[in-house]
Protein chains: 4
Amino acid sequence: MSPRTEIQNNIIKEEKRTLILNVALELFSQKGYSATSMSEIAKAAGISKGLPYSYFESKEELLLSLFKIGINQAMEFFDLDKNGILTADEMKHYITEVFKLLQANRSFWKLYFNLFTQPNVYDLIKTEMHDFTNDMSAILIEYFRKKGSLTPEIDTVVFNALMDGISFQYIIEPELFPLDAVVDNVIKQYC
Amino acid sequence: MSPRTEIQNNIIKEEKRTLILNVALELFSQKGYSATSMSEIAKAAGISKGLPYSYFESKEELLLSLFKIGINQAMEFFDLDKNGILTADEMKHYITEVFKLLQANRSFWKLYFNLFTQPNVYDLIKTEMHDFTNDMSAILIEYFRKKGSLTPEIDTVVFNALMDGISFQYIIEPELFPLDAVVDNVIKQYC
Amino acid sequence: MSPRTEIQNNIIKEEKRTLILNVALELFSQKGYSATSMSEIAKAAGISKGLPYSYFESKEELLLSLFKIGINQAMEFFDLDKNGILTADEMKHYITEVFKLLQANRSFWKLYFNLFTQPNVYDLIKTEMHDFTNDMSAILIEYFRKKGSLTPEIDTVVFNALMDGISFQYIIEPELFPLDAVVDNVIKQYC
Amino acid sequence: MSPRTEIQNNIIKEEKRTLILNVALELFSQKGYSATSMSEIAKAAGISKGLPYSYFESKEELLLSLFKIGINQAMEFFDLDKNGILTADEMKHYITEVFKLLQANRSFWKLYFNLFTQPNVYDLIKTEMHDFTNDMSAILIEYFRKKGSLTPEIDTVVFNALMDGISFQYIIEPELFPLDAVVDNVIKQYC
DNA sequence: AATGAATGAGGGTTCATTCAT
DNA sequence: TATGAATGAACCCTCATTCAT
């Protein structure tokens, strides 16, 4: 008779939100962001066409939420103690964990690479992304400088490119890519 | 009616086809495949909305044609049927040329990275791609072995990932990426 | 359980109903009927989205309720069951009061003009409206006849049209319309 | 075999444009702008849902086109020789013709009054409308000043209100409204 | 009586594609 | 071959309305 309590509603909302995010991630990564319609997501989630809009303002916002979640997961492992300084151990930890994540969350990283190559979509995440990379780069530059590099900025760019390249190739063909051995190699080279 | 006319017609047809392909490549890479309409392509090419359908069955076929052409061009460029052995100088030359090509043909490579992240498209060239990369990898493995590497296969994978990663990041934001410095760094590291 | 509770309940119900009507009138007149959503009304009234449907069957019924209430109020205000004769002073008083009402109740009159232009809505109160205007016209005709007009019916129609036109223009852009000066002018002309 | 000539296309386009305008005017005036969907218009016109968008950029633009056409029709009769000065004869002509137009083009004027009372829709035509009324008012003010009025601005406002009021009442119930007699009365009063 | 999560029809708009010319 | 008017499915999104609680 009485309405649901706020707690009940919050549980329902959280579950639905998660459901929508999961389904959207799966479809976006399988078919690409543009080629996936909101209706498809709703259908695959077993909910009505309109419901996703109770949880996300727009398709764009849904994408951005997904993106932030994924990126934050990866960033958690970077500079573990968040003191702005990277030790060799923290670096090793980061590299190890990022690639664990890559394996555990292939869908997201597939989407990640897909987004970057769609100009109109990339614009949506550009700002978000720059914030992340700027913070990260500053710390990495310092890391390479301390290790005695004369060109820490370039080393940072190269390191990032390598991480991206490995991720990319793994994502394209996970079965054929010798990820573990490659990761070991990277750790040896950089830590 | 006369044979010459037919030949001329074929030339004209070939020119139109090329025109459409070029314009499409430019727009697809600039705005993304989904965000580019067939009408836009026609308009930019100065032809009618219906004409592209005389040359390509659908938008998707146009895209695939572009992809195949681009991949073939790239493979021809890296013609490996020489002597199968890479010297340090040849390696340097290779790295230099890859990135020259990247800069000269940004449009294609942008599209290329986009298509790689779309499973259904990648499947279409998977086999050819494997043949190509296998040939290339064989030569690189030999190169690293000669340089004294104990894990030449892994070094090859890492090298390829790095090349891909650099290309990827450059393509995403060409203005911000210090390509020349990075290339120098790679050459120093690998040659 | 006790009778008092029921009475109190009725009072509460009546208050809620009135609240919804007031909020709806305000929003409908501010933003237009179509552009106002039921959710907005509920939110502005501080109640849940579903509650208005306990009081009104549909958005349209809510609109019609508003319209009928407003028209009845206006008709009561212009209660003509007095002596049926208008003096110049009474005329002046009437004109003054009409425009006072217009200013005091802009929301309603805006909506009123809107509804008049929607055939299906106007049909709902056509009959009552005719009764009302006929009564009023009779008195005005007598007024103009006494003032010596040879076409008192036409004068009445023109007078009514003028009153309507002024109201209309004032409602459309209240800030720009010089209502007071116009009213003075009308009084001078007609009293 | 060969494509239609430009002339043929222009004829087709002009006919379709007119068709869409006519159907839209009819439906907008019958049901109101907001309550009429583009699909309805297309269906009533016997064309596909998408075609109106080849002729008008949006529903708004369609409305504006309609509005401009209607207003321009009326303005043609105002200040016949377009010299910025109104004679008594021109005034008479204007009044007569405007009301002829009102009768001939009831749909438009119904829409006209409907638009004014929908805030979000009125915004679309506000600018357009101000341009018209400003020009007209300037000329009318001069007209009343010449006739010896001490308050030509107010007279102009009152005149406009009267014209609007008459139009409004006629539009609401054309059968009952004694338009001809009223027009005579107005002419006598103002010319 | 009251809540708000959920539905799904329908809105404006776009665009790949067709086809009469 | 070439044109562009026309189609209609599909897209993103809104919102009146329902109903379990």
Side-chain angles (χ1 to χ4, degrees), chain A residues 1-6 8-13 15-17 34-42 46-60 62, chain B residues 9 12-13 16 34-43 47-62, chain C residues 9-10 12-13 16 34-43 47-62, chain D residues 1-6 8-13 15-16 34-42 46-60 62:
Chain A
M1 279 288 177
S2 59
R4 276 185 289 254
T5 64
E6 212 181 315
Q8 284 176 312
N9 272 330
N10 284 342
I11 292 171
I12 291 174
K13 278 169 82 166
E15 277 174 357
K16 274 285 152 65
R17 209 186 124 89
S34 301
T36 303
S37 76
M38 289 296 267
S39 307
E40 275 176 293
I41 293 169
I47 57 178
S48 74
K49 224 161 56 116
L51 195 57
Y53 291 91
S54 303
Y55 293 88
F56 304 93
E57 285 209 335
S58 64
K59 192 185 175 188
E60 279 186 16
L62 173 54
Chain B
N9 272 340
I12 291 173
K13 272 168 81 172
K16 274 276 156 67
S34 302
T36 303
S37 73
M38 288 297 267
S39 304
E40 272 177 294
I41 294 169
K43 201 176 178 182
I47 57 177
S48 76
K49 231 166 38 163
L51 197 54
Y53 289 90
S54 303
Y55 295 90
F56 304 94
E57 282 211 337
S58 66
K59 193 186 177 186
E60 200 176 331
E61 208 229 330
L62 172 53
Chain C
N9 272 341
N10 285 339
I12 290 172
K13 272 169 81 172
K16 274 279 158 65
S34 303
T36 304
S37 73
M38 289 296 267
S39 303
E40 272 177 294
I41 294 170
K43 199 175 180 183
I47 58 178
S48 76
K49 230 164 41 160
L51 196 54
Y53 289 91
S54 303
Y55 293 91
F56 305 93
E57 282 210 335
S58 66
K59 192 185 177 187
E60 200 176 331
E61 209 229 331
L62 172 54
Chain D
M1 280 291 178
S2 59
R4 275 186 288 256
T5 65
E6 211 181 316
Q8 283 175 312
N9 272 329
N10 285 341
I11 292 172
I12 291 175
K13 278 170 82 167
E15 277 173 359
K16 275 285 152 63
S34 301
T36 303
S37 75
M38 288 296 266
S39 307
E40 276 177 293
I41 293 169
I47 58 178
S48 74
K49 223 162 59 115
L51 195 56
Y53 290 91
S54 304
Y55 294 89
F56 304 93
E57 285 209 334
S58 64
K59 193 184 176 189
E60 279 187 16
L62 173 53

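All chains are named by letter (A, B, ...) in the order of the sequence lines, taking the proteins before the strands, and each is independently numbered beginning at 1.
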Write down the distance between [atom1] ([X]) and [atom2] ([N]), rounded to a whole number of angstrom.
| X | N | atom1 | atom2 | value |
| --- | --- | --- | --- | --- |
| B/E40 | E/dT14 | CD | C1' | 11 Å |
| D/Q8 | F/dA2 | CD | P | 20 Å |
| C/K43 | E/dA5 | NZ | P | 13 Å |
| D/I12 | F/dT3 | CD1 | C1' | 11 Å |
| D/I41 | E/dT13 | CD1 | C1' | 13 Å |
| A/Y55 | E/dG4 | OH | P | 13 Å |
| A/N9 | E/dA2 | CG | P | 18 Å |
| D/E60 | E/dG12 | CD | C1' | 11 Å |

When you check the phosphate oxygens OP1 and OP2 of [N], does a side-chain N or O of [X] lie under 4.0 Å from one of them?
| X | N | value |
| --- | --- | --- |
| B/S48 | F/dT3 | yes |
| A/K16 | E/dA6 | yes |
| C/S58 | F/dA16 | no |

Using a cutoff of under 3.5 Å, can you pull out all pairs of nitrogen or oxygen atoms linking the protein to nucleotides 18-20 of chain F, with atom names and distances?
none

Item to check | Donor-acceptor under 3.5 Å (C/K59 side chain, C/T36 main chain) | outcome: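 Yes.
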
With sequence neighbours excluded, residues passing side-chain hydrogen bond (donor to acceptor under 3.5 Å, both in side chains) with [X]:
| X | value |
| --- | --- |
| A/N9 | A/R4 |
| A/S37 | A/E40 |
| D/S34 | D/Q118 |

Distance-only donor-acceptor hits, side chain of residues 47-58 of chain A, under 3.5 Å, sequence neighbours excluded:
{"residue": "A/S54", "atom": "OG", "partner": "A/L51", "partner atom": "O", "Å": "3.4"}
{"residue": "A/S58", "atom": "OG", "partner": "A/E60", "partner atom": "N", "Å": "3.4"}
{"residue": "A/S58", "atom": "OG", "partner": "A/E61", "partner atom": "N", "Å": "3.1"}

Next on the checklist: Can you identify which nucleotide, out of E/dA16, F/dA16, F/dA5, has its nearest atom closest to the B/M38 side chain?
Outcome noted: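 Ranking E/dA16, F/dA16, F/dA5 by closest atom to the B/M38 side chain puts E/dA16 first.
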
Item to check | Helical stems, DNA chain E - three or more consecutive Watson-Crick or G-U wobble pairs below 3.5 Å | outcome: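 Consecutive-pair runs (3 or more) involving DNA chain E: E:2-21 with F:2-21.
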
Checklist entry - For the atom pair CD (D/Q8) and OG1 (D/T5), what is the distance rounded to the nearest 0.5 Å? => result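 Answer for the CD-OG1 pair, D/Q8 versus D/T5, is 3.5 Å.
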
Checklist entry - Across the strands shown, which category fits B/T36 at heavy-atom distances under 4.0 angstrom: base, sugar-phosphate, nothing? => result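 Sugar-phosphate only.
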
Next on the checklist: Base, sugar-phosphate or nothing for C/S37? Non-hydrogen atoms, less than 4.0 Å.
Outcome noted: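 Sugar-phosphate only.
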
Next on the checklist: Please compare A/A35 and B/I47 by the position of their nearest nucleotide in DNA chain F and report the one closer to 5'.
Outcome noted: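 Looking at the nearest nucleotide for each, B/I47 comes out on the 5' side.
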
Item to check | Whichever of C/L51 and D/K59 has its nearest DNA chain E nucleotide further upstream toward 5' | outcome: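 So the residue in question is C/L51.
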
